[in-house]
Amino acid sequence: MTSVLGHITTAEFPPEYKKWDYPPPDRLFDAPVNVVVAADKKKVAENIEKQARYVNALCIWTDCDREGEHIGYEICEAARKGNQTLDIKRAKFSNIERAHIINASKNLINLDHKQVNAVASRIELDLRIGYAFTRFLTTSLRTLGGPFQSLLLSYGSCQFPTLGFVVDRYFRVRNFKPEPFWGINVSHKREGIDVNFNWARHRLFDRASVIILYERCLLAKKAKVTKVQEKPTKKWKPLPLTTVELQKMATSFLRMTGQQAMETAEGLYNKGFISYPRTETDRFDPGMNLRALVQKQTQSQAWGDFAQNLVDGGFQQPRQGRNDDKAHPPIHPITFATPSALNDQEKKIYEFVTRRFLACCSEDAKGVATDVDILYGEESFHAHGVVVLEQNYLEVYVYEKWTGSVQLPKFTVGEVFEPTEALMTEGKTAPPNYLTEADLIALMDANGIGTDATMAEHIQKIQERDYVRTVPRTNRASEGANDSEGGQPARGGRGGRPTRGGRGGRGGRGGGTTANGRGGLMEFIPTQLGVALIEGFDRMNFETSLSKPYLRKEMELKMKAICEGRTTKEVVLDESIQQYRHVFMQSQQKLSVLKTHASRAIGNQHSNPTDHPQRRATNPPYSECAQEEGTPIIEESGLVGNTGKEKEETIGLFRKESMPVAFVLANIPIHVSLTLSASTYDSSSHAPRPHRAPNVLSENAPYSTTWGNSYGSWGAVVMLYHSG
DNA sequence: GCAAGGTC
């Protein structure tokens, strides 16, 4: 038994392609690519080769994912060098429970060459495209002089879309035009409790209409209770922990960067305290003995009692997420770590991993929700209250709170009362926030940019290249780009409609996990250089955008097609190289466009980009909806989700009754039928919460329409509102 | 000096 450490080989160009200026970068699209043992893996390869001489069979136990399959192939090749007649098999396993391993040993299979070929294609494409565009960018902009003389301008299939996300959000914030709206807020004091009734119409963008409706309310004087409903409700415990989720939580709550979180987690893994930290799996194998792991935590000062309670009968099997990478279990504590054995960062990550794990093994929080509807004149209003009865998992999972726990006083159906107060309120729509690292990771995840192990690296990379910077989140209210709900009543837990822009942090939604008000939260802002690169590329290449996640997604789909035997490595390489070469030629021809944008960045390289109000008038950003004609009806649009991953995001909030039928986001039309219902997405439970918006249009309205986006995957919840 | 992926 011996081992490797990741890939053994690496792909590289022959030495005659070493220089940056000659042969010209476009030659890298058809230059030979040599696969050689990586410089730091020579000993690993030699070891395999040598060991192979003494045996007649080899069994490969690498991760059972695509990359693991390729590494398995690399091992094969190294071993065959030493022993051509070796009988090579592969074990298929997804955890290291005794029975599972024994079963895998008894059922050895062959390497899957389709998966190997899929990865080989990725490796070759990344190499060719990355080198070609990096050299092209760096050398051709060098002639601009100034800082460009010494800048390294890299292009990568992951780093550029990552930069694209940051730039996109930046302009969505900058170009946001606040719009005033008006509403009616009814409140009533009873049993010492101030009850807020939210207007069923939420808000209208026409002041005169609101005045009329408001006056009708006042004229009616009395409100009538039309519905009172009390029902049990719960807040779901979190899903088992994945790498992406770990990074999102660490960057939001532990004041760490994704990179730091991963390094720390890896340290804990190497010391044997936590399981492997790079996993996409959010479901535990039913065969795993989780109780034993809980038992180990009973000795903790901080959460030992909670763990003991689970051991004493409170234990519940964790929820089963939808993702399984078939290579690793969700991240969980392996053994108890005394706090004194850990440094500060390790303590934070270990505590988080453990609390998350214990939360997964406990029960959902439980409460009672009360809904009261009233009719005031002809207008409907709604009050919602929640009383938390059992905290359960929330006792140990301190990163979440179930707020919005407002107790409503007693109301009876049919009763009539005169509201204490009815006010007409005014506010204006607010821009989204700049991206946080958690938002960025969520976007990368949803769009398939990078892997669990590399996302943080890509984010680091675009900072190293000075394409983006991070700045502490400030309250932008003072800029006047504010805000806000104006006099709108505070929303209860349920009404969490994302009225405030794509609001990546999900702050304020679903109650409780808000990042608001905490110091130290960093936001990503592009530098002038970053903006120039994205702008330049977007303007040079019309049909294929390098700044959007589309191309990476396409590569992902092609890899999948190879794995499923629908195409071959040769076909994919051929197609893709041709496609990229075309984009490359186009970029060469339109170099002047890029140069114009880049030269703007010279001089004030280190200040924030200034306004580019006309940006992409003809080429809307990846996640933004553009109306074909007429005035924009999109008030705000949020992130793009991915139905396959149980991610529903609101991508548009409409406020006109008549909608144009076609929206164009990019080049792939996707046919969807819009259901006219709304839902809020509860980020903590990952559960879509169906929610009929009060004055949503008829559910059967014929709004089947054509949407396009740049990914090929998406999941949208569209909300439609009357404008009155 | 360049990519992205694996790993320590």
Side-chain angles (χ1 to χ4, degrees), chain A residues 3-13 17-21 23-29 31 33 35 37-41 43-45 60 62-75 115-116 118-142 148-163 243 262-272 276-280 325 327-328 444 448-462 464-465 546 551-552 555-556 559 576-577 580 584:
Chain A
S3 86
V4 293
L5 339 71
H7 287 285
I8 304 171
T9 57
T10 187
E12 61 178 37
F13 292 110
Y17 291 88
K18 220 173 162 183
K19 287 200 305 211
W20 281 51
D21 45 351
D26 64 80
R27 290 273 303 279
L28 297 177
F29 287 111
V33 168
V35 174
V37 172
D40 59 342
K41 297 288 159 45
K43 290 204 164 153
V44 174
I60 294 167
T62 46
D63 289 356
C64 293
D65 53 19
R66 263 190 333 226
E67 295 289 336
E69 209 66 14
H70 192 273
I71 294 170
Y73 174 73
E74 295 170 36
I75 295 169
Q115 288 190 58
V116 173
V119 171
S121 311
R122 175 197 65 70
I123 290 172
E124 183 173 329
L125 286 173
D126 279 336
L127 177 75
R128 291 187 189 281
I129 298 158
Y131 272 48
F133 276 99
T134 299
R135 289 182 180 181
F136 165 69
L137 263 181
T138 305
T139 53
S140 53
L141 291 187
R142 197 178 281 163
F148 286 103
Q149 279 171 308
S150 55
L151 277 179
L152 171 59
L153 304 174
S154 62
Y155 171 86
S157 60
C158 288
Q159 43 180 274
F160 246 55
T162 306
L163 168 61
T243 304
M262 288 311 292
E263 278 164 17
T264 308
E266 194 179 313
L268 289 166
Y269 158 68
N270 285 328
K271 289 182 193 166
Y276 192 67
R278 291 182 277 264
T279 174
E280 294 175 27
D325 62 18
H328 308 284
M444 293 171 76
I449 303 300
T451 66
D452 46 17
T454 59
M455 283 179 192
E457 287 173 25
H458 300 309
I459 294 174
Q460 186 100 326
K461 183 73 81 185
I462 61 175
E464 259 169 47
R465 296 279 185 263
L546 295 181
L551 279 174
R552 189 62 186 70
M555 197 190 286
E556 195 64 36
M559 277 196 278
S576 303
I577 290 172
Y580 278 100
F584 189 90

By the 4.0 Å heavy-atom rule, please label [X] as base, sugar-phosphate, or nothing.
X      : result
A:S157 : sugar-phosphate
A:R142 : base
A:H458 : sugar-phosphate
A:G450 : sugar-phosphate
A:E457 : base
A:Y155 : sugar-phosphate
A:A132 : nothing
A:K41  : base
A:R128 : nothing
A:Y276 : sugar-phosphate

Pairing residues for [X] by the ring pair (Phe, Tyr, Trp, His ring centres under 6.0 Å) criterion, not counting sequence neighbours:
X      : result
A:Y580 : none
A:Y73  : A:H113
A:H458 : none

Checking the side chain of A:D26 only, and the main-chain atoms of A:F29 only, is there a donor and an acceptor separated by less than 3.5 Å?
no
Would you say the side-chain atoms of A:T134 pair up with the backbone N or O of A:Y131, donor to acceptor, closer than 3.5 Å?
no
If you pin A:G68 and A:I129 to their nearest nucleotides in DNA chain B, which one's is more 5'?
A:I129
Which is more 5' along DNA chain B, the nucleotide nearest A:Q159 or the one nearest A:H328? Just name the residue.
A:Q159
Residue list, salt bridge (Lys or Arg N to Asp or Glu O under 4.0 Å) with A:R278, at least two apart or on another chain:
A:E266
What residues form a side-chain contact (heavy atoms from CB on, under 4.5 Å) with A:T62, not counting sequence neighbours?
A:I60, A:I71, A:I75, A:R90
First contact, last contact: which nucleotides of DNA chain B are these for chain A, 5' to 3', heavy-atom distance under 4.0 Å?
B:dG1 to B:dC8
